[in-house]
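So you know, we letter chains A, B, ... as the sequences are listed, proteins then strands, and number each from 1. No hydrogens, no waters, no symmetry mates; every other heavy atom, side chains included, goes into these values.
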Amino acid sequence: MTRYNFKESEAHWQEAWLDNHCFSVSDIEDGPKYYVLEMFPYPSGRIHMGHVRNYTLGDLVARYKRARGYKVLHPMGWDAFGLPAENAAIANNVPPAEWTEQNISVMRKQLKSMGLSYDWDREIATCHPNYYKHEQKMFLDFLDAGLAYRKEAWVNWDPLEKTVLANEQVIDGKGWRSGALVEQKRLSQWFLKITDYSEDLLSALKELERWPDRVRLMQENWIGRSEGMRLRFKIEGRNERLEVFSTRADTLFGATFCAISPNHSIASELCAKNPDLAAFVEDCNRLGTSEAAIETAEKRGIDTGLRVRHPFIPTKTLPLFVANFVLMDYGTGAIFGCPGHDQRDLDFARKYDLDVIPVVAPKEADPKTFTIGEIAYLEDGVHINSDFLDGLSISDAKEVVATRLEEAGIGDREINYRLRDWGVSRQRYWGCPIPVINCDTCGIVPVPEENLPVELPQEVSFEQPGNPLEHHPTWKNVDCPACGAPAERETDTFDTFFESSWYFARFCSPKAENGLDAAAMAYWMPVDQYIGGIEHAVLHLLYSRFFTRALQKCGHLDVAEPFSGLMTQGMVCHETYQDERGEWLFPDDVHQSDAGENVTVANGSPVTIGRSVKMSKSRKNVIDPEEIISTYGADTARLFMLSDSPPDRDLDWTEAGIEGAWRYINRLWRMVSEPNIPLIAAGLPTPTEMGENVAAAHRAIHKTIAAVSNDLDRFHFNKAVARIRELTNVLESLFPDEAGAGWVYRDGLEVVIRLISPIMPHLAEEMWHALGHQALVADATWPVFEPGFLEEEMVTLAVQVNGKLRGTLKVAKEMDQNSVELSALKIDSVVKMLDGRDPRKIIYVPNKIVNIVV
RNA sequence: GCCCCUCUGGCGGAAUUGGUAGACGCGCUGGAUUCAAAAUCCAGUUCUCGCAAGAGAGUGCCAGUUCGAUUCUGGCGGGGGGCACCA
């Protein structure tokens with residue numbers, strides 16, 4: 001028995017695909033196009049199983065669409081700017097550029113060993129000046145179009161390292177390296193006006209029919225459109241009014257306090273005279289910039305002593321608090337608190353002993369006795385304690401109160417969005433320089449287009465804390481392009497989401513001098529199928545949708561939506577291992593003892609096996625793809641990635657699973673290398689006579705083509721694999737002596753090979769070749785089924801008594817109800833269950849079920 | 001805390017629109033082959049009771065709608081993703 005020699009085969013066919021330029025396309029092609037794109041990787045060092053899964057999925061789609069006659073664009077590149085390169089520079093004293101290039105060359109080689117159908121001539125790396133110079137031009141166009149602006153914003157500041165920290169670098173309010181208490185600092189930063197597109201980004205979600213519903217829902221919630229009112233409250237003893245935004249102006253009669261954000265202008269002003277307040281505000285700001293931290297913090301506040309006048313109750317004033325849960329970025333940075341009908345307000349009121357006045361009660365409740373306990377009442381009902389609103393439903397009351405407030409000139413209807421403008425400034429070296437110059441006399445001056453790109457300096461030092469661009473001896477010193485006086489370059493670089501917001505477009509014309517070539521954009525854009533992790537459901541995907549609109553506005557391309565189809569994949573998981581001391585162990589460090597217990601390889605001490613969780617270096621539950629590919633081959637790894645779990649679910653990596661895949665590969669190979677049925681010549685006419693099993697197998701071939709095509713179209717890859725396995729089971733069980741067996745066996749093999757070719761492309765080529773084909777399967781067309789073979793004449797009906805299965809009936813299709821009932825009532829177990837009783841009702845669903853109700 | 005998802009045999013998962021729960025695979029058990037093993041092949045495998053025929057239970061948990069619910073509705077619980085400077 002021979003084993004499939006994947007090492008030789010995979011190298012050979014990868015070379016053959018390259019020599020034949022199978023996967024190369026031009027910037028402009030003819031005929032129907034299909035653009036398949038997987039999220040490009042950050043070059044962190046080596047590929048991981050998440051990459052293997054992502055790129056296997058994409059390759060399957062790309063190869064399948066190619067077989068179906070599309071011109072397929074399937075590119076790959078590198079999201080090469082980012083924080084890890086700087087961390088490596090600090091830790092190992094390697095320049096980020098060098099570290100990144102090394103990683104790219106390792107990972108490129110690893111990806112090539114997977115046999116992916118990329119057009120490698122279109123490879124890009126975002127850290128190359130010939131990539132980011134176009135990005136700088138885009139930014140200048142955004143600036144012209146009023147889509148980019150500068151404003152002050154908070155950053156996490158490590159006072160010891162004198163560095164801005166990312167949210168993930170802040171651990172329990174302390175810097176991850178220094179351990180110093182993190183401060184909040186206001187810096188002038190660049191923003192993109194994504195909020196100009198709030199409504200468009202929201203309403204266009206409806207048309208993204210090939211996106212998962214949950215991603216659209218998440219984006220919808222992220223944009224967070226809400227219809228409400230902007231109210232102006234009189235503050236006692238002050239001229240200015242307090243502006244608050246509320247979606248529940250109908251609960252105004254239940255208002256018992258007002259609160260402003262710690263960063264509200266009134267709070268800042270009061271801090272000067274009130275040291276307690278100043279200390280509180282400082283404390284609040286320590287929480288950092290992450291929403292999760294702010295939301296989970298205990299609700300606290302401090303009374304400013306100011307009172308706010310109630311708009312409808314002349315005698316009533318409300319205390320004004322500064323509260324840590326009021327966000328400056330949302331609405332007006334001020335709220336009115338109605339504890340009865342908002343949980344946060346209620347928690348706050350209970351803590352500071354404020355009144356709770358119910359103003360909406362359930363229909364059936366008695367308005368005189370209805371009280372609020374520890375849970376705010378959020379349902380609809382009838383207004384009470386609300387003067388002119390009493391008796392109205394929430395929506396009616398909203399309408400009435402809005403009109404009143406508008407008439408009184410103290411409120412306006414307003415639509416608010418949770419979405420904030422996108423801060424793109426990063427105080428870091430390893431990113432794309434923001435192409436502006438700061439001049440004392442001229443202000444912000446764009447770098448003239450002919451001076452682009454503004455390149456990162458090669459020689460930088462990470463010895464001093466902070467941004468190396470700030471400390472660079474010469475780089476930032478330039479003459480002002482406007483007045484010629486000495487000026488300074490902007491030392492902030494772009495957020496790395498900037499690069500990933502247009503790389504998909506660049507892949508269509510990766511070498512074009514003018515950036516995004518119009519004809520290439522018109523042919524290839526948008527991406528027909530985008531594939532990547534669900535973790536990008538909001539930020540990357542929303543930024544890209546905005547960026548594409550901004551590019552359209554500035555004439556760089558002419559589509560609004562970058563990705564017409566989206567598939568989000570689940571994570572790759574593995575069980576975890578811990579030794580007696582609770583230290584994590586690599587899978588290779590664990591084995592089974594002779595007694596069948598799990599022990600360490602090192603010294604045989606017991607190992608605890610934990611549940612399967614996402615593979616991560618920190619928990620050491622990782623399997624190196626390179627090792628898998630060198631042991632079992634790329635096709636085995638690819639098959640395993642596709643065979644069990646559906647793409648959008650998490651996938652458990654198991655040793656047994658990969659071995660099962662490897663066994664199946666060998667089984668397929670033996671079907672051509674050691675066939676049970678001698679292989680006959682190709683192209684012989686369909687035999688006129690077929691044995692019963694042979695004829696069934698022949699029908700199965702056509703059914704499988706139909707089912708697999710349907711499964712692939714709908715991304716049910718695990719089902720497609722199951723169907724192919726079923727067909728191979730049928731072909732293997734054919735008897736050589738039966739009439740027509742040789743012909744059907746060969747026909748079946750030719751079909752199977754083409755069906756597996758997007759999944760196990762190397763094996764498919766090897767088998768195709770073994771069947772005597774000179775051309776590549778990669779260039780073969782998808783098999784076609786004959787609809788006539790799909791139809792069955794007989795169907796099996798389920799026979800139920802009171803909804804419980806009691807037997808089955810094999811009948812002709814579309815049998816009439818009477819004859820079905822007659823036969824059903826004769827079934828032994830049905831007779832037994834009826835026990836002489838007459839059926840009360842018989843439900844018959846043709847070709848499916850008979851249910852006898854007694 | 002908020003938003004989104006998910007839960008089916010020992011395991012991964014199947015089950016067009018509410019209509020035979022468990023396709024396909026892994027694992028396990030028994031058998032064949034072998035000096036022996038690996039590999040391969042054959043058979044069995046949701047659980048409980050039963051020698052069997054068969055009966056009952058069963059899709060995270062609790063209710064509901066229905067002739068019929070893995071599928072629809074409400075509530076609860078476990079696990080996961082995102083939360084704007086990780087990518």
Quiz question: going by heavy-atom distance under 3.5 Å, is there a donor-acceptor pair between the base of C67(B) and the side chain of Asn851(A)? yes
Which part of the nucleic acid, if any, lies within contact of Gly533(A), taking any heavy atom under 4.0 Å across all strands shown: a base, the sugar-phosphate backbone alone, or nothing? nothing
Please determine if Asp213(A) and Arg216(A) form a salt bridge, counting it only when a charged side-chain N lies under 4.0 Å from a carboxylate O. yes
With a 3.5 Å limit on both atom pairs, tell me what A21(B) is paired to, counting Watson-Crick and G-U wobble, or say none. none
Judged by whether its glycosidic angle lies within 90° of 0, G9(B) is syn
Under 3.5 Å donor-acceptor pair, Glu575(A) side-chain atoms to C11(B) base atoms: no
Is there a donor on the side chain of Glu291(A) or the base of C2(B) sitting less than 3.5 Å from an acceptor on the other? no
Ring-ring centroid check Phe504(A) Phe40(A), cutoff 6.0 Å: no
Ionic contact status for Glu490(A) with Arg150(A), cut-off 4.0 Å: yes
For Glu470(A), check salt bridge (Lys or Arg N to Asp or Glu O under 4.0 Å) against everything at least two apart and list the hits. Lys476(A)
Output the single nucleotide from G27(B), A84(B), G82(B) whose closest atom is nearest the side chain of Tyr543(A). A84(B)
How close or far is atom C1' of U16(B) from atom CZ of Arg714(A), stated in whole angstroms? 6 Å
Looking only at N and O atoms, is any donor in the side chain of Arg428(A) or the base of C85(B) less than 3.5 Å from an acceptor on the other one? yes
